[in-house]
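The structure appears below as structure tokens.
In each ligand, atom 1 is the first atom listed, and ligand 1 is the first ligand listed.
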Amino acid sequence: MIIVANWKMNGTKEETSSWTSNISLSSHTIILCPPFPLLDYAVTLSKDKCYVGGQDCHYESSGAYTGFTSPTLLKKIGCNYVILGHSERRHLETNGDIQKKARAAQEAGLTPIICVGESRDLRTAQKHLGFVEGQVRECTVDLKNNYMIAYEPLWAIGTGEVCSLDDIEGMHSMIKSLVPVEVLYGGSVKPDNAKDILALSKVDGLLVGGASLSAESFNRIIS
Ligand code: PGA
């Protein structure tokens with residue numbers, strides 16, 4: 001299984017140090033995605049315990065883009081993954097932008113983790129499957145197969161409300177019918193629901209936000 005710790009805009013050097021020393025050795029693929037200024041430090045400390053990934057990247061490898069980070073730099077400092085198209089960034093970027101970033105990330109040697117997911121309104125209107133299908137199709141044009149999809153319904157992120165197991169399985173089945181890659185679930189994953197979600201046949205891993213910040217709760221998820 002693949003378990004991603006998305007720290008979002010949280011964490012310090014001290015917390016990175018304590019987290020990397022306190023997380024358990026695991027047979028799962030663990031990927032820590034802290035804020036940019038902590039990436040280098042996280043790479044140094046993670047050693048054989050986990051991989052490190054960025055939370056976004058640009059589609060150019062360098063240039064006059066103030067405030068952005070290139071996939072080439074992420075790779076050079078030792079990252080292996082990058083989260084792209086997280087819903088907390090989607091007001092800034094289109095599916096086309098995410099596809100360009102994903103291609104650039106692959107060319108730089110990173111594995112993109114492309115986030116997709118519908119709003120509450122789309123689900124209520126029963127348009128969620130078609131909407132997510134469109135996101136997957138548009139974000140993955142011309143990609144090689146070394147990427148992952150993270151299905152994160154917007155209404156489940158940070159709310160404590162989790163998608164039902166049947167709905168997760170249904171959405172993951174649809175995504176897997178479109179693209180031959182691993183599909184992760186994200187949105188209010190906690191130690192007490194991780195096991196049931198991971199037991200679903202179409203779930204290849206988890207993208208964990210809030211519950212990944214403490215090594216103690218993250219250890220309960222990975223165990
Ligand atoms: P959450 O966040 O686990 O805090 O809901 C998940 C995510 O946004 O990646």
Does even one non-hydrogen atom of G186 get within less than 4.0 Å of ligand 1? no
Geometric N/O contact G158 with ligand 1, under 3.5 angstrom: yes
Examine T159 against ligand 1 and note whether any of their N/O atoms are separated by less than 3.5 Å. no
What's the shortest distance from atom 2 (O) of ligand 1 to any protein heavy atom, and which residue and atom give it? K8 NZ, 3.2 Å
Is T20 reaching over with its side chain to a backbone N or O of S46, donor-acceptor style, under 3.5 angstrom? no
State, yes or no, whether a side-chain contact exists between L84 and D56 at a heavy-atom distance under 4.5 Å. yes
Gap separating the CH2 atom of W155 from the OG1 atom of T124, nearest 0.5 angstrom: 9.0 Å
What protein heavy atom sits nearest atom 3 (O) of ligand 1, and how far away is it? G209 N, 2.9 Å
Check whether any N or O atom of G210, backbone or side chain, sits under 3.5 Å from an N or O atom of ligand 1, and answer yes or no. yes
For the pair Y185 and H172, name the ring-plane relationship: parallel under 30°, tilted 30 to 60°, perpendicular over 60°. tilted
Consider ligand 1: state whether an atom of it lies below 4.0 angstrom from any non-hydrogen atom of G187. yes
I'd like to know if K190 contacts ligand 1, where contact means a heavy-atom distance under 4.0 Å to any ligand atom. no
Which protein heavy atom lies closest to atom 9 (O) of ligand 1, and at what distance to 0.1 Å? E152 OE2, 2.9 Å
Side chain Q55, main chain C33, donor-acceptor under 3.5 Å: yes
Okay, side chain of D196, backbone of N193: is any donor-acceptor separation there less than 3.5 Å? no
Using a 4.0 Å heavy-atom cut-off, say whether I157 meets ligand 1 through its side chain, its backbone, both or neither. both
Main-chain N/O of W7 paired with N10 side-chain donor or acceptor, under 3.5 Å: yes
